[in-house]
Amino acid sequence: MDPEYEDDLTGYRLLAEFPDYDLYVNDENSVIQRFNEGIANSWEEFDLDFSFDQQEMANLKQAILLYEHSDPIQAKKIQKEIEMQILGEIDE
């Protein structure tokens, strides 16, 4: 991603990179889902914010590890699971 597009993420670090978005996390288990510029401009939506408790954050990190160490077909399934079961359960 363009570094200028990430300037407002002070205090956050990259947690995971997906094809259409990246996840950033801070020390308080707050997660920002930042869509790539093309999607963000077409949707007029740049970020979604989530707050996780310790267990939810552990589940997200475990799913990301599985995603990063899977073959492309399995990784796509895990990405969908993250989007539907983890990110989809959190109120924005």
Side-chain angles (χ1 to χ4, degrees):
M1 282 199 178
D2 180 351
E4 290 181 22
Y5 189 59
E6 298 174 6
D7 283 346
D8 60 341
L9 292 172
T10 302
Y12 286 82
R13 64 187 181 286
L14 183 65
L15 180 64
E17 295 178 285
F18 295 97
D20 295 330
Y21 61 88
D22 295 334
L23 295 177
Y24 294 86
V25 64
N26 69 10
D27 292 336
E28 288 82 37
N29 291 333
S30 176
V31 174
I32 292 179
Q33 182 180 20
R34 169 134 312 169
F35 295 93
N36 71 32
E37 289 180 81
I39 290 175
N41 289 333
S42 68
W43 291 353
E44 297 182 5
E45 179 73 56
F46 289 90
D47 299 329
L48 296 176
D49 299 319
F50 305 92
S51 291
F52 291 93
D53 65 25
Q54 293 293 351
Q55 184 60 51
E56 291 166 330
M57 183 57 71
N59 292 344
L60 176 59
K61 288 180 178 180
Q62 181 62 35
I64 289 168
L65 280 174
L66 290 172
Y67 170 83
E68 292 173 343
H69 294 96
S70 295
D71 64 80
I73 294 171
Q74 188 65 24
K76 190 165 186 82
K77 291 177 185 177
I78 294 168
Q79 179 184 351
K80 285 294 178 195
E81 185 175 313
I82 289 170
E83 293 166 359
M84 300 295 292
Q85 294 183 7
I86 298 174
L87 299 178
E89 289 181 354
I90 305 301
D91 293 330
E92 298 168 29

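For clarity, every value in this text was computed on a predicted model and none was experimentally measured.
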Legend entry - Heavy-atom side-chain contact between K77 and S70 under 4.5 Å: no
Inset, instruction - State the CD1-CD distance between I64 and E17, to the nearest 0.5 angstrom. - result: 11.0 Å
Legend entry - Residue pair Y21 / Q79, side-chain heavy-atom distance below 4.5 Å: yes
Legend entry - Beyond-backbone contact of L60 with L23, side-chain heavy atoms, under 4.5 angstrom: yes
Inset, instruction - Find out whether L66 and Q74 are in side-chain contact, i.e. whether some heavy atom of one side chain is under 4.5 Å from a heavy atom of the other. - result: no
Legend entry - From CA spacing to verdict: salt bridge (Lys or Arg N to Asp or Glu O under 4.0 Å), D27, R13: CA-CA 9 Å; D27 292 336; R13 64 187 181 286; 3.4 Å; yes
Inset, instruction - State, with a plain yes or no, whether a side-chain heavy atom of V31 is found less than 4.5 Å away from one of M57. - result: yes
Inset, instruction - Side-chain contact test, heavy atoms from C-beta onward, threshold under 4.5 Å: evaluate it for I86 versus E56 and give yes or no. - result: no
Inset, instruction - Please confirm whether the backbone N or O of L65 pairs with a side-chain atom of E68, one donor and one acceptor, at under 3.5 Å? - result: no
Legend entry - Nearest non-hydrogen partners of L87 and F52, listed with the distance: CD2-CZ, 4.0 Å
Legend entry - Residues forming a side-chain contact (heavy atoms from CB on, under 4.5 Å) with N26, sequence neighbours excluded: Y12, E28, S30
Legend entry - Distance in Å, L14 CG paired with L9 CG, rounded so as to fall on 0.5 Å steps: 9.5 Å
Legend entry - L15 CG to D22 CG distance, which is reported to the nearest 0.5 Å: 10.0 Å
